**Student:** 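A single structure is presented below for examination.
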Amino acid sequence: MPELPEVECIVRDLNKYLKGKKITGVFFIFYQMLQGVSPEVFGREIRGEVIQEIKRRGKYILFFLSNDKILEVHLRMTGRLYYYSNSVAPEKYTGAVFYLDGGDELHYQDIRKFGTFRLHVKQDLSQLKPYLLGLDPLEDNFTLNSFLEILKRNPGRKIKPFLLDQKNIAGMGNIYTDETLFRAGIHPQRKVNSLTLQEIKKLFESLLSTLKEGIECRGTSVSDYRDIRGQEGEFQKRLKVYRREGAYCLRCGSTIQRKLLAGRGTYFCPSCQPLSCNKRRWEQ
DNA sequence: CTCCGTGCCTGTGAGC
DNA sequence: TGCTCACAGGCACGGA
């Protein structure tokens with residue numbers, strides 16, 4: 001499941017291989033990701049345009065094309081982008097093929113077909129979905145102070161659903177949220193307004209360092225994730241709690257637990273991440 | 001306000 | 001062996 005670090009790696013690689021290339025044709029094999037837009041219309045808008053730059057916001061990938069067109073791609077659960085320097089036959093789950101000048105190809109694959117493509121023409125960037133989300137942790141405006149501000153706006157929420165909500169912070173998914181909370185020593189069910197200033201500082205640092213470590217490891221390939229050349233990441237080897245139910249905590253030796261929270265499997269160490277907190281509240 | 005379930009999909013793996 | 005079913009979890013949406 002691509003989260004911020006995986007999407008960041010994909011976007012860096014896309015820029016390396018696709019910048020300046022012209023899209024000479026598009027072949028759509030399944031259409032769910034087009035969300036009702038006909039493949040003919042979609043293809044007509046994209047064909048002939050040059051890929052000027054690829055950016056990321058949260059988990060969204062944005063292809064900035066010539067003529068002020070923007071192709072927005074969200075990989076959701078199992079979406080993948082594969083780059084080939086030559087012509088390759090579509091596979092079982094290939095939903096779209098972008099043909100590029102020079103014979104390069106970009107294939108979109110998606111087993112579960114949850115991914116979405118959206119096309120924007122001459123749009124005010126700030127009105128686009130990816131820019132209506134919360135702070136992106138890799139952008140300059142994500143600071144301890146701005147983090148404190150959004151926490152203050154959500155005093156009653158549990159910290160895990162808070163971190164997963166893209167309107168607060170853009171890019172956190174289930175894996176990096178559980179790993180961040182473990183590294184910060186915070187129970188996923190702790191209420192935002194129960195956190196001490198010290199804990200918030202720890203959380204802020206853990207969030208950034210976990211995401212950055214994820215990027216350095218080129219992502220987490222626990223099941224589906226591959227980079228645009230089909231390579232696995234390495235961060236799965238550094239997971240401390242995610243999918244480690246029943247195993248020993250690498251820090252204290254207690255047993256890692258799993259609970260359903262916010263509708264997702266949630267992994268934590270009950271000893272390193274205690275639920276009870278009798279420290280002074282940060283907001284007072 | 002916050003949380004929870006459902007739908008969108010299909011592969012994997014546990015248990016019978 | 002082969003079947004069923006929970007699970008995987010990003011996001012939108014409706015309801016408690």
Side-chain angles (χ1 to χ4, degrees), chain A residues 1-8 10 28-37 56-62 72-81 91-96 108-118 128-134 136-137 150-181 187-195 211 214 219-226 232-233 235-236 239 241-247 256-268 275 283:
Chain A
M1 317 109 234
E3 303 180 27
L4 187 149
E6 289 75 28
V7 180
E8 178 67 20
I10 289 168
F28 291 111
I29 297 154
F30 52 73
Y31 310 145
Q32 283 100 324
M33 66 280 193
L34 304 180
Q35 302 170 99
V37 178
R56 176 192 64 74
R57 187 129 213 302
K59 300 172 199 167
Y60 286 86
I61 300 168
L62 296 160
E72 172 203 302
V73 176
H74 196 304
L75 301 172
R76 299 288 184 107
M77 310 288 300
T78 53
R80 289 177 181 173
L81 288 170
E91 291 172 27
K92 189 176 176 189
Y93 300 109
T94 306
Y108 168 72
Q109 291 193 0
D110 197 344
I111 291 174
R112 295 177 68 179
K113 302 187 172 94
F114 286 173
T116 56
F117 285 24
R118 224 172 270 141
L128 261 49
K129 184 68 204 295
Y131 290 93
L132 294 169
L133 304 174
D136 187 294
I150 49 172
L151 284 162
K152 273 181 197 164
R153 276 190 258 130
N154 295 267
R157 294 199 79 176
K158 291 171 187 164
I159 191 64
K160 173 155 177 173
F162 168 85
L163 292 172
L164 283 173
D165 189 337
Q166 305 296 301
K167 290 192 288 296
N168 297 326
I169 297 167
M172 298 294 284
N174 205 37
I175 298 173
Y176 290 93
T177 300
D178 281 3
E179 291 299 313
T180 292
L181 288 170
H187 192 287
Q189 288 181 295
R190 287 278 301 282
K191 287 270 185 73
V192 164
N193 63 7
S194 80
L195 300 173
L211 293 176
T220 308
S221 293
V222 79
S223 57
D224 296 290
Y225 174 69
R226 300 290 184 278
E232 292 190 2
F235 195 67
Q236 65 276 13
L239 296 175
V241 287
Y242 183 76
R243 292 217 191 168
R244 292 194 69 246
E245 184 186 17
I256 301 298
Q257 285 187 9
R258 177 186 181 274
K259 263 189 185 178
L260 208 58
L261 179 60
R264 293 98 191 266
T266 298
Y267 302 86
F268 62 98
L275 184 53
E283 59 178 359

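In this text the structure is predicted, and so the values were computed from the model without any measurement. To find a chain, count down the sequence lines: A is the first, B the second, and so on, and within it residues start at 1.
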**Student:** Tell me whether the side-chain N/O atoms of A/Gln32 come closer than 4.0 Å to OP1 or OP2 in B/dC9.
**Tutor:**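 It does, given that an N or O in the side chain of A/Gln32 lies less than 4.0 Å from OP1 or OP2 of B/dC9.
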**Student:** Should A/Asp165 and A/Arg157 be marked as a salt bridge (charged side-chain N to carboxylate O under 4.0 Å, His left out) after you check the CA-CA gap, both sets of side-chain angles, and the distance that decides it?
**Tutor:** CA-CA 11 Å; A/Asp165 189 337; A/Arg157 294 199 79 176; 2.8 Å; yes
**Student:** Can you list the steps and then say if A/Leu4 with A/Tyr176 is a side-chain contact (heavy atoms from CB on, under 4.5 Å)?
**Tutor:** CA-CA 9 Å; A/Leu4 187 149; A/Tyr176 290 93; over 6 Å; no
**Student:** Is A/His74 near enough to C/dG10 that one of its side-chain N or O atoms lies under 4.0 angstrom from OP1 or OP2?
**Tutor:**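 Checking A/His74 against C/dG10: no side-chain N or O falls below 4.0 Å of OP1 or OP2.
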**Student:** Kindly compute the distance separating CZ (A/Arg243) from CG (A/Asp178), expressed to the nearest 0.5 Å.
**Tutor:**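 Between atom CZ of A/Arg243 and atom CG of A/Asp178 there are 11.5 Å.
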**Student:** Which listed nucleotide (C/dA12, C/dA8, B/dG11) is nearest to the side chain of A/Met1?
**Tutor:**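 Comparing C/dA12, C/dA8, B/dG11 against the side chain of A/Met1, the answer is C/dA8.
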**Student:** Using a heavy-atom cut-off of under 4.0 Å over every strand shown, decide if A/Arg153 touches base, sugar-phosphate, or nothing.
**Tutor:**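 Nothing: the residue A/Arg153, judged by heavy atoms under 4.0 Å, touches no strand.
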**Student:** Nearest 0.5 Å, please: how far is NZ in A/Lys160 from NE2 in A/His187?
**Tutor:**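 Here the rounded value is 11.0 Å.
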**Student:** Roughly how many Å is it from CD1 in A/Ile175 to C1' in C/dG9, rounded to a whole number?
**Tutor:**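 It works out to 9 Å between those atoms.
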**Student:** Kindly point out which of B/dC3, C/dA8, B/dG11 is positioned nearest to the side chain of A/Arg157?
**Tutor:**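 Nearest nucleotide to the side chain: B/dC3.
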**Student:** Measuring from the side chain of A/Lys113 (C-beta onward, heavy atoms only), which nucleotide among C/dG10, B/dC9, C/dA12 has the closest atom?
**Tutor:**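 Taking heavy atoms from C-beta onward, the closest nucleotide is B/dC9.
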**Student:** Checking all strands, does A/Tyr225 fall into the base, sugar-phosphate, or nothing category for heavy-atom contacts under 4.0 angstrom?
**Tutor:**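 Contact class for A/Tyr225: none.
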**Student:** Which sits closer to the 5' end of DNA chain B, A/Lys191 or A/Phe114, going by the nucleotide each is nearest to?
**Tutor:**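 That would be A/Lys191.
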**Student:** In whole Å, what separates the P atom of C/dC7 from that of B/dG5?
**Tutor:**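 Going atom to atom, P in each nucleotide, I get 12 Å.
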**Student:** Kindly say if A/Arg258 contacts the phosphate of C/dA8, meaning a side-chain N or O under 4.0 Å from OP1 or OP2.
**Tutor:**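 Looking at the OP1 and OP2 atoms of C/dA8, one of them is under 4.0 Å from a side-chain N or O of A/Arg258.
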**Student:** Whole-Å distance between C/dG10 C1' and A/Leu163 CG?
**Tutor:**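 It works out to 16 Å between those atoms.
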**Student:** Would you mind classifying the nucleic acid contact of A/Gly263 as base, sugar-phosphate or nothing, using non-hydrogen atoms under 4.0 angstrom?
**Tutor:**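 Answer is nothing: A/Gly263 stays at 4.0 Å or more from every strand.
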**Student:** Would you kindly give the NZ-to-C1' distance between A/Lys158 and B/dC4, to the nearest whole Å?
**Tutor:**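 About 10 Å, once rounded to whole Å.
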**Student:** Could you work out which one of C/dA8, B/dC9, C/dA12 sits closest to the side chain of A/Tyr60?
**Tutor:**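 Nearest listed nucleotide: C/dA12.
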**Student:** Taking the side chain from A/Asp136 and the backbone from A/Gly58, do they hold a donor-acceptor pair closer than 3.5 Å?
**Tutor:**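 Looks like yes, one N/O pair under 3.5 Å.
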**Student:** Any chance you could measure A/Thr177, atom OG1, to A/Tyr242, atom OH, to the nearest 0.5 Å?
**Tutor:**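 The distance works out to 11.0 Å.
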**Student:** What is the separation between atom CD on A/Glu245 and atom P on C/dC7, rounded to the nearest whole Å?
**Tutor:**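 About 10 Å, once rounded to whole Å.
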**Student:** Rounded to the nearest 0.5 Å, how far does CZ of A/Phe30 lie from CG of A/Asp110?
**Tutor:**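 So the CG of A/Asp110 and the CZ of A/Phe30 are separated by 5.5 Å.
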**Student:** Applying a 3.5 angstrom cut-off to the pairing atoms, does DNA chain C sit in any stems of at least three consecutive Watson-Crick or G-U pairs? List them by first number.
**Tutor:**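 Expected stems, ordered by start: B:2-8 with C:10-16, B:10-16 with C:2-8.
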**Student:** In whole angstrom, give the distance that lies between atom CZ of A/Phe162 and atom C1' of B/dC1.
**Tutor:**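 It works out to 15 Å between those atoms.
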**Student:** In terms of the nearest nucleotide of DNA chain C, which residue is placed more toward the 5' end: A/Met77 or A/Arg118?
**Tutor:**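 By nearest-heavy-atom nucleotide position, the 5'-most residue is A/Met77.
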**Student:** For A/Tyr93 and B/dT10, what is the distance between atoms OH and C1' respectively, to the nearest whole Å?
**Tutor:**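 Going from OH in A/Tyr93 over to C1' in B/dT10 covers 7 Å.
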**Student:** Looking at A/Gln166, does any N or O in its side chain come under 4.0 Å of the phosphate oxygens OP1/OP2 on C/dG10?
**Tutor:**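 Result: no.
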**Student:** I want to check something: taking the side chain as every heavy atom from C-beta on, are A/Val222 and A/Met1 in contact at a cut-off of under 4.5 Å?
**Tutor:**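 Yes; the side chains approach each other to less than 4.5 Å.
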**Student:** Please give, in whole Å, the distance from B/dC3 C1' to A/Lys167 NZ?
**Tutor:**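 Rounded to the whole Å, the gap is 13 Å.
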**Student:** With side-chain contact (heavy atoms from CB on, under 4.5 Å) as the test, would you mind laying out the steps for A/Lys59 and A/Leu75 before giving the verdict?
**Tutor:** CA-CA 8 Å; A/Lys59 300 172 199 167; A/Leu75 301 172; over 6 Å; no
**Student:** If you check every side-chain atom of A/Ile111, which of C/dG9, B/dT10, C/dC11 has the closest atom?
**Tutor:**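 Among the listed nucleotides, the one closest to the side chain of A/Ile111 is B/dT10.
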**Student:** Could you tell me whether the side chain of A/Arg264 has a donor or acceptor atom within less than 3.5 Å of a complementary atom in the base of C/dA8?
**Tutor:**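 Side chain to base: no pair below 3.5 Å.
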**Student:** In this structure, how many angstroms lie between the C1' atom of B/dC8 and the CE atom of A/Met33, rounded?
**Tutor:**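 Computing the A/Met33:CE to B/dC8:C1' distance gives 15 Å.
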**Student:** Can you check whether A/Tyr267 has a side-chain N or O nearer than 4.0 Å to OP1 or OP2 of C/dA8?
**Tutor:**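 Result: yes.
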**Student:** Is the phosphate of B/dT10 approached by A/Lys92 (side-chain N or O, under 4.0 Å from OP1 or OP2)?
**Tutor:**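 Checking B/dT10 against A/Lys92, no side-chain N or O comes under 4.0 Å of OP1 or OP2.
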**Student:** Of the nucleotides B/dT10, C/dA12, C/dG10, which one has an atom closest to the side chain of A/Lys129?
**Tutor:**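 Per side-chain heavy atoms of A/Lys129, the pick is C/dA12.
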